[in-house]
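Take a look at the structure set out below.
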Amino acid sequence: MPDVRSAIEQRLAAAFDAVHAGANPVLRPSDRADLQANGALPLAKVLGRSPAEIARSVVEELDIADLCDEVEVSGNGFINLTLSTGYLAVRLGDLAGDPRLGIEAVATPETIVVDYSAPNVAKEMHVGHLRTTVIGDALARMLTFLGHDVRRENHIGDWGTPFGMLIEHLVDLGEEEGASELSAGDLTGFYQQARASFESDDGFADRSRRRVVLLQSGDDETFRLWRVLVAGSVRYFDTVYSKLGVQLTDDDIVGESYYNDMLAGVVEELEAKGLLVVHDGAKCVFPPGFANRNGDPLPLIVQKSDGGYGYASTDLAAIRHRVLDLGAKRMLYVVGAPQTQHFQMCFAVAAMAGWLTDEAQAIHVSFGNVLGADGRMVASRAGGTITLVGLLDEAVDRAREAIAGRRSADPNNETGSDDDQIATMVGIGAVKYSDLSTDRGRDYVFDWDRMLAFEGNTGPYLQYAYARIRSIFRRGEVSVPAPAAPVLRDPHERALAIALLWLPVALDDTLATYSPHKLCSYLFEVASTFTSFYENCRVLVDDEAQRTSRLILCDLSARVLSLGLSLLGIEVPERM
RNA sequence: GCCCCAGUAGCUCAGCGGAUAGAGCACCGGCCUCCGGAGCCGGUUGCGCAGGUUCGAGUCCUGCCUGGGGCGCCA
């Protein structure tokens, strides 16, 4: 069954079509009614009639009485629609019995690659990895829920010249020692020591350079050592992902090295297609429309003058592989905004090569930086740079303090043995929500106090709204009623009904631009609307019919919040 | 120098070419014998600047200003 907005839009489209073939109803939310159709206004010029007159013609053609109680044309030509309360109630009844809460699985599932997180082997994960990991995971969850065949791909940095020095450092440390250092998370120490040796010790530097050659030529022993490095780092990444609560696993790791065997083929194919130009000894493709600082055409270098391959060739190989071998219809690259031009060039070249088409699209889901309250980098409580793990631990600590503080001030609090779990959900949820709730294109300000506030558009507020609803059932000692259509008598009930029915619409809008903040805004709206309802409509009343009806609204509110947050990768506690 | 992104209330942010630009925080004023006051109701303050397109521009186009980022063998 189509969502409410689509149902209305279909009827409107038919009526507009009768007045002017193919006319768009331009359906929008309204502050004058529930919805408004603005489509008559742009038709005025085309048809040479006044907008209001056209709107009246549309309304005459409109068959919508079962969905709307009121349809009104304003003097300006807006068509204001008031949804039928009976219709809303019936739809809510359907929702009550639907575990998917009105979100239908897509008719034609697509294979969609979501490329996100991408930390580097033997390098610490830092705040810079937060957004790609959190946003990518949220998008992957939403697309999966819609029924798509989602391939999470963690394009880790597991190849390149630094591995010569890293392997030699591993040799010097001893494999066991080195591996445990890596998996325990002392990646910064490992990397910096390797770097220090490389810079201060000529012998070490020579060995490192030879080791790079050995690695690239496929030397067995070198390869084995390389795998030790990678495996140790991956174990560490897993602990971070587990802490963050993202769904990436070892199976999702498809590092740069995975594409090594395909690079020569990519270059050959580009050459065969006549796209290659040798420039200063490097094999290049010049996609049109890109210029350097002198105004000369800017190349994408697919093979360096020394014969080596850079990241452009790896990215091209990944596109080709994902399209031709995996059958990907969409590829989402959840990577920061600074790489916009790189991806534009890669996508342009991939299109020239025929890998990217209308049937197989690559999308750069870019995002801005994370800034501290001072507009600069994020610093820890003690000051100084902060690792991702440190940040997450601090979030949980702060959440624990915040919850304890609230508890001691609230005589009605419910304590329990799972306070650590709650602090984890709230702390991690706060970090993720603050990231997801800002338009990904913008830089956003990382502010502990704001993200952990229990008021406003925050994770804790939404979790609290959920926990509070659950407590109604606990304290009232009532169970969730059997699915049925509620009675919507109070305006607050009606407003809540509309909000609850809007979940599929919010998800559609969110995925249309891969913007999780839209889902966040929606959930905040649901929570606010619920609170207003709860303030104005007593739930645990004696009248059984009314109590049941309102309990259904409560339960649906909790479920919408829970499902919505789970699609963002945020857990909800039963109590706080 | 060229390219990309951003500039909306004191602060943090929404805003799909449509009517009077919205939230939260902060501030001010109300509401408690109330199922969790972590609340509810109301009030104050704004689209960087200048042109243009349009019946209609925060939204699209051009120029400028400010901030951030990028610009050939790193990823």
Side-chain angles (χ1 to χ4, degrees), chain A residues 26-32 36 38-39 41-42 44-45 50-51 74-78 80 118 120 155 157 159-162 256 279-284 286 289-306 308-312 314-315 335-342 344 366 368-369 371 373 375 402 406 409-414 434 437-439 441-445 447 449-451 453-458 460-461 464-465 467-468 471-472 475-476 478 509 512-513 517-518 520-521 524-525 528 531-532 534-541 550 554 575-576:
Chain A
V26 194
L27 184 62
R28 297 283 183 268
S30 177
D31 51 358
R32 313 281 175 106
Q36 62 184 58
N38 305 335
L41 282 76
K45 199 162 193 180
S50 82
S74 81
N76 299 328
F78 298 99
N80 295 324
N120 291 312
H155 194 81
W159 203 252
T161 48
E256 293 166 6
H279 199 264
D280 293 340
K283 291 184 179 171
C284 307
F286 288 89
F290 296 91
N292 67 12
R293 65 188 80 207
N294 299 322
D296 300 324
L298 191 63
L300 191 69
I301 295 173
V302 295
Q303 190 170 13
K304 298 186 283 186
S305 52
D306 66 2
Y309 300 99
Y311 63 109
T314 308
D315 284 335
V335 181
Q339 290 197 49
T340 299
Q341 189 181 48
H342 166 70
Q344 282 175 346
S366 71
N369 298 312
L371 306 177
R406 301 287 181 184
D410 178 3
N412 291 321
N413 79 75
E414 303 171 70
S434 78
S437 60
T438 299
D439 183 312
R442 300 171 54 126
D443 292 347
Y444 93 97
V445 177
D447 182 325
D449 291 335
R450 193 165 343 100
M451 78 176 72
F454 289 70
E455 4 171 86
N457 189 11
T458 69
Y461 174 76
Y464 169 71
R468 193 175 168 197
S471 86
I472 295 167
R475 295 186 180 199
V478 289
D509 289 349
T513 52
H517 80 277
K518 293 184 180 177
C520 294
S521 297
F524 178 59
E525 172 81 24
S528 306
T531 313
S532 186
Y534 192 62
E535 189 77 16
N536 290 281
C537 301
R538 196 168 179 78
V539 172
L540 297 174
V541 291
R550 289 184 172 165
C554 288
R575 53 174 199 85
M576 284 174 75

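Just so you know, these numbers come straight off a predicted model, no measurement behind them. Reminder, nothing fancy here: chain letters follow the sequence lines and each chain counts from 1.
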To the nearest Å, how far apart are [X] [atom1] and [N] [atom2]?
| X | N | atom1 | atom2 | value |
| --- | --- | --- | --- | --- |
| A:K304 | B:C73 | NZ | C1' | 7 Å |
| A:H155 | B:A75 | NE2 | C1' | 9 Å |
| A:D439 | B:U8 | CG | C1' | 13 Å |
| A:R32 | B:A19 | CZ | C1' | 5 Å |
| A:K45 | B:U53 | NZ | P | 11 Å |
| A:N457 | B:A38 | CG | C1' | 15 Å |
| A:R293 | B:G70 | CZ | P | 11 Å |
| A:Y534 | B:C40 | OH | C1' | 14 Å |

Where the side chain of [X] is defined as all heavy atoms beyond and including C-beta, which of [options] is the nearest nucleotide?
| X | options | result |
| --- | --- | --- |
| A:Q341 | B:G39, B:G70, B:G36 | B:G70 |
| A:R28 | B:G24, B:C71, B:C16 | B:C16 |
| A:S74 | B:G7, B:C73, B:A19 | B:A19 |
| A:Q339 | B:A75, B:G36, B:G24 | B:A75 |
| A:T438 | B:A38, B:C13, B:C73 | B:C13 |
| A:V539 | B:C55, B:C35, B:A19 | B:C35 |
| A:R442 | B:G72, B:A14, B:G36 | B:A14 |
| A:V445 | B:G39, B:C13, B:A19 | B:C13 |
| A:R450 | B:G72, B:A23, B:U12 | B:U12 |

* Asked: With both distances under 3.5 Å as the test, what is the Watson-Crick or G-U wobble partner of B:G36?
  ->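 Per the H-bond distance test, none.
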
* To do: Counting Watson-Crick and G-U wobble pairs only, both distances under 3.5 Å, name the nucleotide matched with B:C27, or none.
  =>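 Answer to the pairing question: B:G43, which forms a Watson-Crick or G-U pair with B:C27.
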
Looking at [atom1] of [X] and [atom2] of [Y], how far apart are the two atoms once the value is rounded to the nearest 0.5 Å?
| X | Y | atom1 | atom2 | result |
| --- | --- | --- | --- | --- |
| A:D315 | A:L300 | CG | CG | 8.5 Å |
| A:E256 | A:N120 | CD | CG | 7.0 Å |
| A:N76 | A:Q36 | CG | CD | 10.5 Å |
| A:H517 | A:Y444 | NE2 | OH | 14.5 Å |
| A:R468 | A:R475 | CZ | CZ | 10.5 Å |

Under 4.0 Å, heavy atoms only, any strand: does [X] hit a base, just the sugar-phosphate, or nothing?
| X | result |
| --- | --- |
| A:E525 | nothing |
| A:A282 | base |
| A:R538 | base |
| A:F290 | nothing |
| A:P42 | base |
| A:E256 | sugar-phosphate |
| A:D449 | nothing |
| A:L41 | base |
| A:P338 | sugar-phosphate |
| A:T161 | nothing |
| A:C537 | base |
| A:G310 | sugar-phosphate |
| A:P162 | nothing |
| A:H517 | sugar-phosphate |

* Stacking between A:Y464 and the base of B:A38 (centre distance under 5.5 Å, interplanar angle under 30°)? ->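 Stack criterion met.
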
* To do: Answer yes or no as to whether B:G24 has its base stacked against A:F524, where stacking requires a ring-centre separation under 5.5 angstrom and planes under 30 degrees apart.
  =>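 No; centroid distance or tilt outside limits.
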
Please measure how far the [atom1] atom in [N] lies from the corresponding atom in [M], and state the result in whole Å.
| N | M | atom1 | result |
| --- | --- | --- | --- |
| B:A57 | B:C47 | P | 16 Å |
| B:A21 | B:C61 | C1' | 22 Å |
| B:C27 | B:C64 | C1' | 36 Å |

Donor-acceptor pair (no angle test) under 3.5 Å: [X] side chain, [N] base:
| X | N | value |
| --- | --- | --- |
| A:D443 | B:G68 | no |
| A:H342 | B:G70 | no |
| A:S471 | B:G36 | yes |

* With under 30° as parallel and over 60° as perpendicular, where do the rings of A:H342 and A:Y311 fit, or are they tilted in between? ->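 If you compare the ring of A:H342 with that of A:Y311, the planes turn out tilted.
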
* Starting at the 5' end of RNA chain B, which residue's closest nucleotide do you reach first, A:V26 or A:G160? -> A:V26

* **5'-most by nearest nucleotide on RNA chain B - A:L27 or A:N536** =>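 Looking at RNA chain B, the more 5' nearest nucleotide goes with A:L27.
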
